[in-house]
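Read through the structure below, which is laid out as structure tokens, and then see the notes.
Model, not experiment: these values are computed from the prediction.
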Amino acid sequence: ERSTAKVNESIIFEAKVTQGGEPVEDAKEVEFEFGREGDEDTEIIQVEDQENGIYRLEKAFSEAGIYTITTHVTARDMHSMPSEEFEITP
């Protein structure tokens with residue numbers, strides 16, 4: 001079940017970065033990469049603000065479609081790239 005939101009509705013994306021159960025507050029790089037099904041281009045936004053290892057971004061989308069968010073996290077010699085799909089409806 002993918003989450004949905006409406007066009008131009010603000011969505012808050014969060015990445016919780018932990019290592020060994022502890023929050024990572026000094027990640028070298030946290031980026032959210034957004035892609036829309038059928039589009040070749042993606043948009044990458046670097047996220048700096050965090051609180052207790054939770055990196056947060058608020059974003060709205062102007063076009064309906066199925067999107068994928070990939071979170072790129074580089075911290076303490078580790079790189080992870082979890083992805084999930086969500087849908088923007090008219």
- [ ] Any chance you could lay out the side-chain contact (heavy atoms from CB on, under 4.5 Å) test for Gln46 and Val30, step after step, and finish with the verdict?
- [x] CA-CA 6 Å; Gln46 191 157 349; Val30 177; over 6 Å; no

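For residues 3-33, the set of pairs meeting the ring pair (Phe, Tyr, Trp, His ring centres under 6.0 Å) definition, not counting sequence neighbours, comprises Phe13-Phe34, Phe13-Phe86. For residues 18-29, the set of pairs meeting the side chain to side chain donor-acceptor pair (under 3.5 Å) definition, not counting sequence neighbours, comprises Asp26-Arg76.
Summarising the geometry, atom CZ belonging to Arg56 is positioned 15.5 Å from atom CD belonging to Glu48; distances are rounded to the nearest 0.5 Å. Atoms OH and CG, on Tyr67 and Asp39 in that order, are 7.0 Å from each other to the nearest 0.5 Å. Atom CD of Glu58 and atom CD1 of Ile12 lie 4.5 Å apart (nearest 0.5 Å).
Grouping the Ile, Leu, Val, Met, Phe, Trp and Tyr side chains by contacts below 4.5 angstrom, directly or via other members, places Leu57 with Val7. Under a hydrophobic clustering in which Ile, Leu, Val, Met, Phe, Trp and Tyr are joined whenever their side-chain heavy atoms come within less than 4.5 Å, directly or via other members, Ile54 and Ile69 fall into different clusters. Note on Ile45: it clusters hydrophobically with Phe61, by side-chain heavy-atom contacts below 4.5 Å among ILVMFWY residues.
With no hydrogens or angles considered, a side-chain donor-acceptor pair links Thr42 and Glu33 at under 3.5 Å.
For Thr74, the side chain to side chain donor-acceptor pair (under 3.5 Å) partners are His79, not counting sequence neighbours.
Within the 4.5 Å cutoff, side-chain heavy atoms of Glu85 are placed close to those of Ile66.
Judged by distance alone, the side chain of Arg36 and the main-chain N or O of Ala64 form a donor-acceptor pair under 3.5 Å. Looking at Tyr55, its side chain does come within 3.5 Å of a backbone N or O of Ala27 through a donor-acceptor pair.
The environment of CD in Glu84 is sparse: at most 12 heavy-atom neighbours from other residues, nucleotides or ligands sit within 6.0 Å. Annotation: Asn8, atom CG; neighbour count of heavy atoms from other residues, nucleotides and ligands within 6.0 Å is above 12.
Summarising the geometry of Ser80 relative to Pro82, their closest heavy-atom pair is C-CD, 3.6 Å, with the distance given to 0.1 Å. Nearest approach of Ile88 to Glu63, heavy atoms of both residues: CG2-O, 3.6 Å.
Remark: Glu43 engages Lys59 in a salt bridge, criterion side-chain N to carboxylate O under 4.0 Å.
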